[in-house]
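Taking it in order: structure first as structure tokens, then the write-up.
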Amino acid sequence: MSNGVAGTTIQHHPSEATLVSQATGTLWQAAAVIVRAHLDCCAQCSATVRLAEAVGGALLDGLPPAPLTSDALQRALDRLDNEGGRALMGRNVSAAQQGAMADRQAHSVLLPGVRNARLRRLAPGIRHAVLLRGPDGEALRLLRVKPGTALPRHSHRGAELTLVLEGAFADETGHYGPGDLAEIAEEMSHRPTAEGAVDCVCLIATQGRLRFGALLSRLFGVVARV
Ligand SMILES: [Zn+2]
């Protein structure tokens, strides 16, 4: 893609499902902050989210009132499903819009303070700060990693989204630079390593505790509660 952070090209984007969740306000909080930051530097994904918002609004506007029978809710959900609105189940436009506004506010409040966050040493070459903790173990962290430093191999109990702010890293899924968003699925194991000549600074959203190997789980998972 040609859009992106000044002087760079964004190669990695959120999944379509994640962008639709962002549009409908159903994305978990820490991930929504990261996706919002990506949207700020990615015209392609911004357009996708705007389209999803418009389609969702049009779908709901076009639904006739359902008679209040015992199966009314199910029939309304079926209809949404049939018209491609699965992601909108249980939501209404106003709630989605409110969620999107809240995301923007969280982002605008959070990101200017990111560079000033107090980082603490986690391991040689790795410093971090927890910026946000949400329900069910979700967390948003800022990580600064020295070039050539590898994070311990780990898997997840939930998804992990990483947005590169400065520098670069690579793992089994590819190479990531400023503006790139890495989306790691639940249970996938990977070992990110900072690349290039400058520190890699990332925002990382995780669901649930990370799972490290036996030795590193004592070092990271228990002591540092990464
Ligand atoms: Zn994008």
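A quick note: this is a predicted structure, and the numbers were derived from the prediction, not measured. Heavy atoms only: backbone and side chains are in, while hydrogens, waters and symmetry mates are out. We count ligands from 1, going down the list as the structure has it; atoms in each ligand are counted the same way.
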How close do [X] and [Y] get, heavy atom to heavy atom, and via which atoms?
{"X": "Cys200", "Y": "Ala194", "answer": "CB-CB, 3.9 Å"}
{"X": "Ser15", "Y": "Thr18", "answer": "OG-OG1, 2.9 Å"}
{"X": "Tyr176", "Y": "Val164", "answer": "CB-CG2, 3.9 Å"}

Rounded to 10°, the SG/Cys45 to the Zn ion (ligand 1) to SG/Cys42 angle comes out at 110°
Would you name the N/O/S atom of His13 that lies closest to the Zn ion (ligand 1)?
ND1
Counting heavy atoms not belonging to Glu172, are there more than 12 under 6.0 Å from its CD?
yes
Residue His12, metal the Zn ion (ligand 1), N/O/S under 2.8 Å:
no
